[in-house]
Amino acid sequence: MSDPRSPGARTAASHSASGQSESAHSGSAQSESMQAAPSDAAPDKTYRPAEIEAKHYARWEQSGAFRAGRNSGQPYTIVIPPPNVTGSLHMGHALNNTLQDILIRYHRMKGRDTLWQPGTDHAGIATQMVVERQLAAEGIGLARGETAGGKAKLLSRDEFVARVWKWKEESGGTITRQLRRLGASVDWSRERFTMDEGLSAAVLKVFVDLYRQGLIYKDKRLVNWDPKFHTAISDLEVEPREVKGNLWHIKYPIDGSSDEFIVVATTRPETMLGDTAVAVHPDDERWKRYVGKSAILPLVGRKIPIVADEYSDPEKGTGAVKITPGHDFNDFEVGRRHNLEALNIFTPNAHLNDTVPEPYRGLDRFEARKRIVADLEAQGLLVKTEPHVHIVPHGDRSGVPIEPYLTEQWYVNARKLAEPAIEAVEQGRTVFVPEQWTKTYFHWMRNIEPWCVSRQLWWGHQIPAWYGPDRKVFVAMNEAEARKEAREHYGKDVELARDADVLDTWFSSALWAFSTLGWPEQTPELKRYYPTDVLVTGFDIIFFWVARMMMMSLHFMKDVPFRTVYIHALVRDAKGQKMSKSKGNVMDPLELIDKFGADALRFTLTALAVPGRDIKLAEGRVEGYRNFATKLWNAARYAQMNACVVPADFSLRDVELTQKVNGWIVGELRSAALAFEEALAAFRFNDAAGVLYQFVWGTFCDWYLEFTKPILQGTDAAAKAETRAVTAWALRESLKLLHPIMPFVTSELWERQGFEEGGREGMLMLAEWPDAKAWPADPAAAAELNWIVEVVSQIRTLRSETNVPHAARLAASYKDASPAARDRFQRYADIIRTLARLDSLAPADTVAKGAVQLVVPEATLVLPLAGIIDPAAERARLQKEIKKLEGDVAGIDRRLANPDFIAKADPEVVEENRERRADVEAARSRLVTALGRLEALR
RNA sequence: GGGCACUUAGCUCAGCGGUAGAGCACCGCUUUCACACGGCGGGGGUCGCAGGUUCAAACCCUGCAGUGCCCACCA
């Protein structure tokens, strides 16, 4: 459910749960003592999101930082997929809005003038359905058509609409409150609603213009009729469902013969009352002889023709098919070809009407089915009943089988509007990401059918059409205009009756990209922010919304509504099942926010947002990313406890970093920042999150902060000062990079670290995005530190594998070291000793008895483990290691021995293999030496 | 019936032509002064199956099997 109004979106969080959590939340934020604690005291070890999130959101919003037009930068615009005004936040919203917020926050920090346009949708059927249900519980019905029956009180149209508005005012704020909880930095000052005054005006103008251009017209044909809501629905609102039914074989007596029958097979015997023909295939030998004759319709006695039509499939059923043009789309076409009458045998709620024989009148279509089958059987006309599984179209909202129903409705000529919309994507003016959706879009657009836009409902935009006494239609912006036209037409004033129907909800959302910017007025905002940059939405509404926005926008704005459409996946449960209330597997984003914090939920959804693949969400993942927030929190504590600050005059350009560890972390952060930006540019949100996770935890915390410990505890004042500055700097820049994904914790730490008071930076959300390309990369530092990481890791592995007690501090030495390695051992002695828990580290030429030799790149380490380790275990370790390297060498040798490889492979690849072979062989040979030494000591 | 995805470690998934990766789970060790929501180390995979292309395939092509989704006229 990527969008609120998607067909399967009725799985939302409950109102009460979120309501409770919000009050609990604001309460705790007020009472927390932490807020009052002096900022220089060591903060709590654990990050507690609930205590700070509300505070930050209020601050952001009050500061005006969300507003568009704050600066004169290049505009960057996203329109929110408007959620149902009375809905509440579900996981699809959480994903959808997190991704949009990341893009917006990132571009805002990059200096773009960002507009994230918020708003809500009136959600016609869905909302009317909810309110009708509420009313029904009070014994109140609506004074329209057949719904009236049996209700104590009936509301007029005006009363009902007023009631919906009242409900909208009461519960319309839920979803916007919840978007705040998530951290969405939308421009609330521009919030719109699809039924507010401006947008309603846009809807009217679009309808009138399209009508005048001949692109909206009225037509009488079969529609998908929803007998529960008594309204037409569009093809898209029809949901095929597999149903176990029967195939009934029925004998229709041949007219003029006492013992001949034509046998038809049907899944819907009740519609036979509306049959006006039987069709057989022209080549079907079984029935050919009856073509041109008539059958007597059982139970009715009507004479109906037997016609030849290729629609009839000899393979299916009996090969003879009953034709009911009034209640079947195919039969309608057959009827048209053979000039058959389309009999309407149903009332709007699918009860049999007065065109059928007396005994069946008033029966519901399912009762009628039973009754008719029974009557046929009694008359000996039922040949057999076969169980039959088939697909039956259902209303996606009502859940009842839809009825093909002959009515007059308003249609949009979608085929015409689709032409420029197809062309725009063909030309790449709008691009789908992932690209695979382009195909889906084309397929649908190229086979598009007329869009039925009228709905027999009360909640929505009433169609601006008025009828004169002779049913002549006047389409106009308002009643006065319609009267004027009518007067001109009739030459006098006449009574006009307004069309009672409203428009499909998606009609107004199709205009969203420009109507929210003020269209049809030529506002400065429309000029500045249209077309929008990106639309972020779920694949389930490509047809409902994306395609229709393309059509309407291109028609009225002569330009695409958005340059990129990023299509994200569905959020499923941990087992990959669609979340649904009936399955009870719905995860409530608000509950997860309460439990782990909005940042943790946001990071989780981002890290799982692989393009083109559904998200399987398990609570454990959220917990894991909550832990990540805590890790960051503690890294900041470390910086604070070690008095790390960025000096006012600190600049990477002017300062020569004397400590390689500092040069290294700058280079690592540089790579991470660049990789992050690259990932985001390609909408690879998962990669963007992964890069930062790996940097912060795997590089900055696991290694860099550990490297700083010996320096900060040492005596070299200059080294200490530089390291403090770089630590604070790296933390500061990391907070900027993380902010789009985790706005709350980064903002809190930003303040706690005093980056805000630094004066130059101000609020983190408005801080300048780092220009990582300008930071120095230091390949020499990278090579050195990578070597240190390798050496330390190897010592740790050896200690662990040979069960050296954790507390044991070893006096290590090194031999066979290259000049570079010797230099590094000396310069990094402190760091290696601290991280590998060594007592000392010195050069040595000899190896003491029982010492273990550890082969590292460019050197051999000697560790005095006599008496600590088991020689047999050590031998096994060496042998295992040697065997692995031998395997590696053999593999590379095989490749290098292949003349084709040398001749055809990229020379760089060949060289890489040669180098690797040399390295592996050197290591292997030193291991063999070490093993020999061990054997010699036995 | 047509189309689109997916199938890689116990689980969830990255990788999409040049030494098989992550997170979680699991197993050791570890409660030393950023963090036990932690630290250190480890085990674990013939990358669905069968062919083909290539010096080289988890990655490209073909076929098959399984799973999911979308579209399609309810005999």
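Every chain is numbered from 1, with letters handed out A, B, ... down the list of sequences.
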At under 4.0 Å between heavy atoms, what does [X] touch on the DNA or RNA strands: base, sugar-phosphate, or nothing?
X: A/R837; result: base
X: A/T318; result: nothing
X: A/D313; result: base
X: A/K439; result: sugar-phosphate
X: A/V243; result: nothing
X: A/H249; result: nothing
X: A/E623; result: nothing
X: A/Y311; result: base

Could you tell me whether the phosphate oxygens of [N], OP1 or OP2, come under 4.0 Å of any side-chain nitrogen or oxygen in [X]?
X: A/T797; N: B/G42; result: yes
X: A/H388; N: B/A75; result: yes
X: A/W697; N: B/G39; result: yes
X: A/N686; N: B/C13; result: no
X: A/R684; N: B/G15; result: yes

Residue [X], side-chain atoms from C-beta onward, closest of [options]:
X: A/F539; options: B/C69, B/A75, B/C74; answer: B/C69
X: A/K904; options: B/A14, B/C55, B/C74; answer: B/C55
X: A/S800; options: B/G28, B/C37, B/C73; answer: B/G28
X: A/R621; options: B/A75, B/C74, B/G23; answer: B/G23
X: A/K631; options: B/A75, B/A14, B/G38; answer: B/G38
X: A/N627; options: B/C55, B/G38, B/A14; answer: B/G38
X: A/N898; options: B/G42, B/C29, B/C55; answer: B/C55
X: A/T630; options: B/A75, B/C4, B/C37; answer: B/C37
X: A/R626; options: B/C13, B/C37, B/C74; answer: B/C37
X: A/K45; options: B/C55, B/C35, B/G23; answer: B/C35

Practice task
Verify the ring-centre separation between A/F432 and A/W437: is it less than 6.0 angstrom?
Solution key: no
Practice task
Please confirm whether any donor atom in the side chain of A/K709 sits under 3.5 Å from an acceptor in the base of B/A34, or the reverse.
Solution key: yes
Exercise for the section: Tell whether A/R796 reaches the base of B/C40 with its side chain through a donor-acceptor pair below 3.5 angstrom. Expected result: no
Problem - Residues forming a ring pair (Phe, Tyr, Trp, His ring centres under 6.0 Å) with A/W225, sequence neighbours excluded - result: A/Y405
Completion exercise
When A/E706 and A/N913 are each assigned the nearest nucleotide of RNA chain B, the 5'-most assignment goes to A/N913
Exercise for the section: Take A/D906 and A/A636, find for each the nucleotide of RNA chain B with the closest heavy atom, and name the residue whose nucleotide sits nearer the 5' end. Expected result: A/D906
Practice task
Report yes or no: do A/S234 and A/E237 form a side-chain donor-acceptor pair below 3.5 Å?
Solution key: yes
Problem - Short side-chain donor-acceptor distance under 3.5 Å, A/R637 and A/N634 - result: yes
Completion exercise
CZ (A/R337) and CD (A/E310) are apart, to the nearest 0.5 Å, by 8.5 Å
Fill in the blank from the handout: One should read off an interatomic distance between A/W248 CH2 and A/I372 CD1, to the nearest 0.5 angstrom, of 10.5 Å
Exercise for the section: May I have the distance from A/R286 (atom CZ) to B/A75 (atom C1'), rounded to whole angstrom? Expected result: 12 Å
Fill in the blank from the handout: In RNA chain B, stems of three or more consecutive pairs, Watson-Crick or G-U, each with both distances under 3.5 Å, turn out to be B:1-7 with B:65-71, B:10-13 with B:21-24, B:26-30 with B:38-42, B:48-52 with B:60-64
Practice task
Take A/E912 and A/R916, measure what salt bridge (charged side-chain N to carboxylate O under 4.0 Å, His left out) needs, and give me the verdict at the end.
Solution key: CA-CA 6 Å; A/E912 259 171 42; A/R916 186 170 143 66; over 6 Å; no
